[in-house]
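Quick note: numbers below take in every heavy atom, side chains included, and nothing from hydrogens, waters or symmetry partners.
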Amino acid sequence: MPRDDHAGARIAEARKLGGYTQRGFADAIGFSYSLFHQVEGGHKPASPDFIAACARALPIDVTALTGQPYMTELQQDRLAELLRPILESPDLSDLGADPDVTARQANELTVGADLLCQHVRAVKLTAAAKGLPRLVTELTTAVHRAPTTGLRGGCSSGVRGRAICGCAVWARVSGSDAAGR
């Protein structure tokens with residue numbers, strides 16, 4: 001008797017989210033439609049090779065298909081770790097210059113903000129999320145120490161990057177892949 005809590009059911013859900021038909025996905029992973037149908041239905045167990053092929057084709061982490069314990073909690077913890085500094089960084093602008101921070105030159109900060117935006121566009125969300133708080137701290141400190149037009153422009157790029165990054169990280173992680181890239 002088929003159960004709903006098996007790798008085949010998780011594969012079916014991920015396949016549908018990916019926009020594949022059963023036959024189309026079976027072709028994409030190089031397994032017969034008959035075997036694929038039986039695995040999704042829970043009538044046959046999914047082999048490690050089968051699961052790996054599905055994960056590569058979707059692309060998602062194998063643990064999302066195998067139902068490893070605590071995966072959801074791990075994803076939420078990783079998300080919280082990435083988002084905490086992003087969510088706290090808007091408060092920095094109200095604090096003024098940080099006496100413990102040596103900010104880079106204005107042109108270097110602008111390049112840093114642009115690099116952050118490039119990370120987001122390239123879906124390198126972990127790198128973007130980790131780099132953002134330091135950049136916002138440096139930009140805020142630099143703006144308060146020398147409020148020039150160039151620095152304010154870099155600061156707005158950083159703020160835009162923060163918003164884009166936060167939304168992209170949230171969408172990506174809550175969608176499927178907490179590991180980021």
Please round to the nearest 0.5 Å and tell me the distance separating atom [atom1] of [X] and atom [atom2] of [Y].
| X | Y | atom1 | atom2 | value |
| --- | --- | --- | --- | --- |
| H6 | K44 | NE2 | NZ | 14.5 Å |
| L35 | H43 | CG | NE2 | 12.5 Å |
| Y20 | D27 | OH | CG | 11.0 Å |
| L17 | I60 | CG | CD1 | 9.0 Å |
| S34 | Q22 | OG | CD | 10.5 Å |
| T66 | D61 | OG1 | CG | 8.0 Å |

Looking at every non-hydrogen atom in both residues, tell me the closest pair between [X] and [Y] and how far apart they are.
| X | Y | result |
| --- | --- | --- |
| G24 | T21 | N-OG1, 2.9 Å |
| A53 | I29 | O-CG2, 3.6 Å |
| V62 | A55 | CG2-CB, 3.7 Å |

R15 and F36: CA distance, side-chain angles, deciding distance, side chain to side chain contact (heavy atoms under 4.5 Å, CB included) verdict: CA-CA 11 Å; R15 171 190 58 79; F36 185 81; 3.7 Å; yes
Passes side chain to side chain contact (heavy atoms under 4.5 Å, CB included), E108 versus E138? Steps please. CA-CA 11 Å; E108 295 171 3; E138 284 187 74; over 6 Å; no
Do F31 and V39 have side-chain heavy atoms sitting under 4.5 Å apart?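 A side-chain contact is absent here, since even the closest heavy-atom pair is not under 4.5 Å.
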Are the side chains of P45 and F50 in contact, using a 4.5 Å heavy-atom criterion?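 The answer is no; the side chains never approach within 4.5 Å.
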Are D49 and S47 close enough that a side-chain donor and a side-chain acceptor fall under 3.5 Å?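 No, no side-chain donor-acceptor pair sits under 3.5 Å.
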Establish whether I11 and Y33 are linked, either directly or via other cluster members, by ILVMFWY side-chain heavy-atom contacts under 4.5 Å.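 Result: no, two separate clusters.
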